Asker: 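Dropping the structure in here first, questions after.
Computed from a prediction, not measured in an experiment: that's the story for all the values here.
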Amino acid sequence: AEEALTLLDEIQLLPDAFLLGARLGPHMAGIDFHDTVRETYGPTKAAILSAHPPTPGLRAACERADLSILSRPIDREQVSRFLIHCAETG
């Protein structure tokens with residue numbers, strides 16, 4: 001996650017959307033990464049990927065951050081709908 005933040009800073013180019021794991025390693029959660037990107041670059045489109053059924057805490061945090069939750073295994077249709085929504089709401 002830290003390397004991705006450094007890369008974003010270096011290239012100064014923000015992706016159209018982020019698909020973030022609920023955990024991005026030992027030091028950062030996907031929601032924390034999203035919050036850092038949003039604070040630095042402004043609003044972003046993102047979804048959290050969860051390998052397990054989302055906990056009430058994860059659901060509440062995602063609601064506060066306006067993040068979708070996509071459950072694994074990945075459903076192509078669900079990802080496609082998320083990306084189309086991102087494109088349409090640009």
Asker: Decide whether Leu20 and Ile74 are clustered together by the hydrophobic rule: side chain heavy atoms of Ile, Leu, Val, Met, Phe, Trp, Tyr closer than 4.5 Å, transitively.
Answerer: no
Asker: Any heavy-atom pair between the side chains of Cys62 and Ile31 that's under 4.5 Å?
Answerer: yes
Asker: Going from CG on Asp32 to CZ on Arg23, what distance comes out if it is rounded to the nearest 0.5 angstrom?
Answerer: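 Between Asp32 CG and Arg23 CZ, I get 7.5 Å after rounding to 0.5 Å.
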Asker: Take a 6.0 Å sphere around CG of Asp75 and say whether it holds more than 12 heavy atoms from other residues, nucleotides or ligands.
Answerer: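 Enclosed: over 12 neighbouring heavy atoms sit under 6.0 Å from CG of Asp75.
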Asker: Can you tell me how far the OG1 atom of Thr36 sits from the NE2 atom of His34, to the nearest 0.5 Å?
Answerer: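 That separation rounds to 10.0 Å.
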Asker: Is any side-chain heavy atom of Phe33 closer than 4.5 Å to one of Ile48?
Answerer: no
Asker: Within the supplied structure, the quantity of interest is the number of heavy atoms (other residues, nucleotides, ligands) at a distance under 6.0 Å from Gln12 CD; does it exceed 12?
Answerer: yes
Asker: List the atom of Ala65, the atom of Arg38, and the distance in Å for their closest heavy-atom pair.
Answerer: O-NH1, 3.5 Å
Asker: Are Thr6 and Glu10 side-chain neighbours, meaning at least one heavy-atom pair lies under 4.5 Å?
Answerer: yes
Asker: Hey, could you give me the CG/CG distance between Leu7 and Leu13, rounded to the nearest 0.5 Å?
Answerer: 9.5 Å
Asker: In the single-linkage hydrophobic clustering (I, L, V, M, F, W, Y; side-chain heavy atoms under 4.5 Å), do Phe18 and Leu24 co-cluster?
Answerer: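 Cluster IDs for Phe18 and Leu24 match.
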Asker: Evaluate the side-chain proximity of Leu5 to Met28: yes if any heavy-atom separation is below 4.5 Å, no if none is.
Answerer: yes
Asker: Hey, what do you get for OG (Ser68) to CD (Gln78), rounding to the nearest 0.5 Å?
Answerer: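 If I round to the nearest 0.5 Å, the distance is 8.5 Å.
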Asker: Does Leu70 reach the side chain of Ser50, with side-chain heavy atoms less than 4.5 Å apart?
Answerer: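 The answer is no; the side chains never approach within 4.5 Å.
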Asker: Taking the side chain as every heavy atom from C-beta outward, state whether Ile69 and Leu49 have any pair of such atoms under 4.5 Å apart.
Answerer: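 Sidechains of Leu49 and Ile69: no contact.
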